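One structure is given below, encoded as structure tokens.
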Amino acid sequence: YIHYLDDAVFFVAIGNGSVRRKIQTMLVENGAKMVNLIHPNAVVAEDVRMGVGTVIMAGAVINPGAVLGSGTIINTCASVDHDCRIGDYVHVAVGARICGTVQIGDDTWVGAGATVIHSTSVCAGCMIGAGAVVVNNIQKQGVYLGVPAKEKN
């Protein structure tokens, strides 16, 4: 059992999603109060919904209708457009672009400068390489690189 101060709040600041999930789950199971962190220079639409332990960094833009899962990182100058569904413990890296009505599964990493085009989906447990462009649905866990993004062999 872990004893917490009544007014203490927590945020897990670890980049690795599986480690972040493990620690945040343990904290919540032991009664910790988790917070979301939103940089004052981020733009977040009023109707955006987000799970606990999510961080939105400077210059990020989250547009109307987006839903962000728990433990999600939206990094510096990344954007998540309208009506996207971003799973738990997803990392949208620096400068990545998630176009409208995209779905990203849990535990996925979208690399720096990558783009996921409108109305596509990426399954759970994927890594999208830096600068990659996802133009088709990704239905198999793996590492995807290039333009257009293809599974690494």
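Values in this document were obtained by computation on a predicted structure and should not be read as measured data.
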Check: Gly65 main-chain N/O paired with Asp47 side-chain donor or acceptor under 3.5 Å: yes
Hydrophobic cluster membership, Leu37 vs Ile73, 4.5 Å side-chain cutoff: yes
Sole candidate of Ile56, Asp88, Thr54, Val55 that passes side chain to side chain contact (heavy atoms under 4.5 Å, CB included) when paired with Thr72: Thr54
All side-chain contact (heavy atoms from CB on, under 4.5 Å) counterparts of Val43, not counting sequence neighbours: Val61
Inter-residue atom distance Gln141.CD - Asp107.CG, 0.5 Å rounding: 8.5 Å
Validation row: Tyr89, Gln24 side chains within 4.5 angstrom (heavy atoms): yes
Under 3.5 Å: donor-acceptor pair, side chain of Thr25, backbone of Lys22: no
Evaluation steps, side chain to side chain contact (heavy atoms under 4.5 Å, CB included), between His39 and Thr76: CA-CA 9 Å; His39 192 281; Thr76 308; over 6 Å; no
In one Ile/Leu/Val/Met/Phe/Trp/Tyr side-chain cluster, 4.5 Å: Leu68, Val44: yes
Beyond-backbone contact of Met34 with Val9, side-chain heavy atoms, under 4.5 angstrom: no
Co-membership, hydrophobic cluster, residues Ile104 and Met127, 4.5 Å side-chain: no
Close side-chain approach of Thr115 and Val134, heavy atoms under 4.5 Å: no
Distance in Å, Cys99 SG paired with Asp83 CG, rounded so as to fall on 0.5 Å steps: 13.0 Å
Connected via hydrophobic side-chain network under 4.5 Å: Phe10 and Ile23: yes
Side-chain heavy atoms of Ile98 within contact of Val110, under 4.5 Å: yes
Separation of Ser70 OG from Asp106 CG (nearest 0.5 Å): 9.5 Å
Side chain proximity check, Asp81 to Arg97, heavy atoms < 4.5 angstrom: no
For Ala93 against Ala112, the heavy-atom pair lying closest together: CB-N, 3.4 Å
ILVMFWY cluster, Val90 and Val52 together (side-chain gap under 4.5 Å): no
Verdict with supporting geometry, Tyr144 and Cys126, side chain to side chain contact (heavy atoms under 4.5 Å, CB included): CA-CA 8 Å; Tyr144 292 81; Cys126 286; 4.0 Å; yes
Nearest-0.5 Å distance that lies between atom CD1 in Ile14 and atom CZ in Arg21: 14.0 Å
Heavy-atom closest contact (Ala132 atom, Ala149 atom, distance): CB-CB, 4.2 Å
Listed once per pair and sorted, the salt bridge (charged side-chain N to carboxylate O under 4.0 Å, His left out) pairs that draw on residues 119-128, sequence neighbours left out: none
Minimum-distance pair of heavy atoms, taken over all atoms of Gly111 and Ala96: O-CB, 3.6 Å
Positive for side chain to side chain contact (heavy atoms under 4.5 Å, CB included) with Val92, one of Thr108, Ile74, Ile128: Ile74
Verdict with reasoning, Ile117 to Val133, per side chain to side chain contact (heavy atoms under 4.5 Å, CB included): CA-CA 7 Å; Ile117 70 159; Val133 179; 4.2 Å; yes
Heavy-atom closest pair, residues Gly142 and Glu151: CA-OE2, 4.3 Å
pair Asn30-Met26: side-chain heavy atoms closer than 4.5 Å: yes
Heavy-atom closest contact (Leu27 atom, Val12 atom, distance): CD1-CG2, 3.7 Å
His82 side chain near Thr101 side chain, heavy-atom distance below 4.5 Å: yes
Nearest-0.5 Å distance, NE2 of residue His91 to CG of residue Asn16: 11.0 Å
